[in-house]
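Structure in structure tokens, see below.
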Amino acid sequence: MTEQELVQKAMDMRAVSYAPYSRFRVGAALESTDGRVFTGCNVENAAYGSTICAERTALVKAVSEGVTHFRRIAIAGDSSDYCWPCGACRQMLREFSAGLEVLAANRAGDYQRVSLETLLPHGFGPDTLQ
Ligand code: THU
């Protein structure tokens, strides 16, 4: 799958975002090392703090299907800025794939590519607990 196709999947997922409070729709497409793609959107809640981001929706879908190794994630937001993952999502992604590539897209589908290690340097992970 090309980067553009993965970004497009993330953009398409904004259509099913449940974001009545912030009205900020986010979609994500997480690609595993065996080439499967798990999608997610943000799911908000009247108890605002219970909201789950698009990236973590995709991640928990994958892990609950037994998939725990990932190559890339595309994230698409609803503004002209690139949608970088929040701190909680960086940490959750780091648990499974420190070398993940992150494609952060804006409303128009333009995107930037960075490594998760750049976004979360010196991260705390399972290896730390050994
Ligand atoms: N959001 C995500 O889904 N992913 C991010 O990385 C940043 C924030 C969502 C959470 C909330 O529903 C909305 O965007 C506004 O913060």
Side-chain angles (χ1 to χ4, degrees):
M1 176 170 295
T2 66
E3 286 188 351
Q4 283 79 8
E5 286 169 335
L6 198 65
V7 168
Q8 187 61 53
K9 279 186 182 291
M11 292 176 74
D12 292 347
M13 284 305 288
R14 294 177 305 189
V16 288
S17 156
Y18 179 74
Y21 305 108
S22 73
R23 306 222 169 265
F24 188 75
R25 295 171 171 265
V26 184
L30 178 64
E31 183 188 59
S32 58
T33 50
D34 64 0
R36 296 171 66 184
V37 176
F38 296 85
T39 56
C41 63
N42 54 333
V43 181
E44 297 187 346
N45 192 272
Y48 299 165
S50 299
T51 292
I52 182 166
C53 292
E55 300 92 312
R56 276 177 288 152
T57 302
L59 181 67
V60 299
K61 279 173 68 179
V63 174
S64 67
E65 301 277 327
V67 179
T68 55
H69 294 93
F70 306 103
R71 194 154 47 206
R72 297 182 293 184
I73 187 169
I75 309 153
D78 215 5
S79 73
S80 54
D81 282 344
Y82 300 114
C83 190
W84 300 108
C86 78
C89 288
R90 293 177 195 200
Q91 181 63 33
M92 283 289 285
L93 292 165
R94 162 71 176 78
E95 177 76 15
F96 298 97
S97 301
L100 194 71
E101 268 189 5
V102 177
L103 309 175
N106 64 11
R107 183 167 45 212
D110 305 317
Y111 64 91
Q112 284 195 350
R113 180 194 325 103
V114 297
S115 67
L116 181 60
E117 231 163 309
T118 302
L119 297 176
L120 188 67
H122 306 292
F124 186 92
D127 38 316
T128 314
L129 297 175
Q130 297 308 309

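Every number for a ligand or one of its atoms is a count from 1 in the order of the listing. All values below come from the heavy atoms of this structure, side chains included, with hydrogens, waters and symmetry mates left out.
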**OP:** For the residue pair R25 and C41, establish whether any side-chain heavy-atom pair is separated by less than 4.5 Å.
**Re:** no

Subject >> Atoms in ligand 1 flagged as close to E55, the criterion being non-hydrogen separation under 4.0 Å >> reply: 2 (C), 3 (O), 4 (N), 5 (C), 6 (O)

**OP:** Please work out which of the three classes, parallel, tilted or perpendicular, describes the rings of F96 and F70, given edges at 30° and 60°.
**Re:** perpendicular

Original post:
Side chains of D34 and S32: donor-acceptor distance under 3.5 Å anywhere?
Top reply: yes

Original post:
Measuring to protein heavy atoms, does anything land under 4.0 Å from atom 4 (N) of ligand 1?
Top reply: yes

Original post:
Under 3.5 Å between some N or O of ligand 1 and some N or O of C89?
Top reply: no

**OP:** Please list, chain by chain and in numerical order, all residues satisfying side chain to side chain donor-acceptor pair (under 3.5 Å) with R36, sequence neighbours excluded.
**Re:** none

**OP:** Assess P85 for proximity to ligand 1: is some non-hydrogen atom of it under 4.0 Å away?
**Re:** yes

Original post:
At a 4.0 Å threshold, what atoms of ligand 1 neighbour a non-hydrogen atom of S22?
Top reply: 13 (C), 15 (C)

Subject >> Numbered atoms and elements of ligand 1 in range of W84, under 4.0 angstrom, heavy atoms >> reply: 6 (O)

Subject >> Option set E44, R90, R25, criterion heavy-atom distance to atom 12 (O) of ligand 1, minimum >> reply: E44

Original post:
Who's the nearest protein heavy-atom neighbour of atom 9 (C) of ligand 1, and how far?
Top reply: N42 ND2, 3.6 Å

Subject >> Sub-4.0 Å heavy-atom approach of C86 to ligand 1 >> reply: yes

Original post:
Any donor-acceptor pair under 3.5 Å linking the side chain of E31 with the backbone of A74?
Top reply: no

**OP:** Please answer whether the main-chain N or O of C89 pairs with a side-chain N or O of E55 as donor and acceptor at a distance below 3.5 Å.
**Re:** no

Subject >> Expected output: side-chain T57 to main-chain G40 donor-acceptor under 3.5 Å >> reply: no

Original post:
Looking only at non-hydrogen atoms, which of S17, C53, C83 approaches atom 8 (C) of ligand 1 most closely?
Top reply: C53

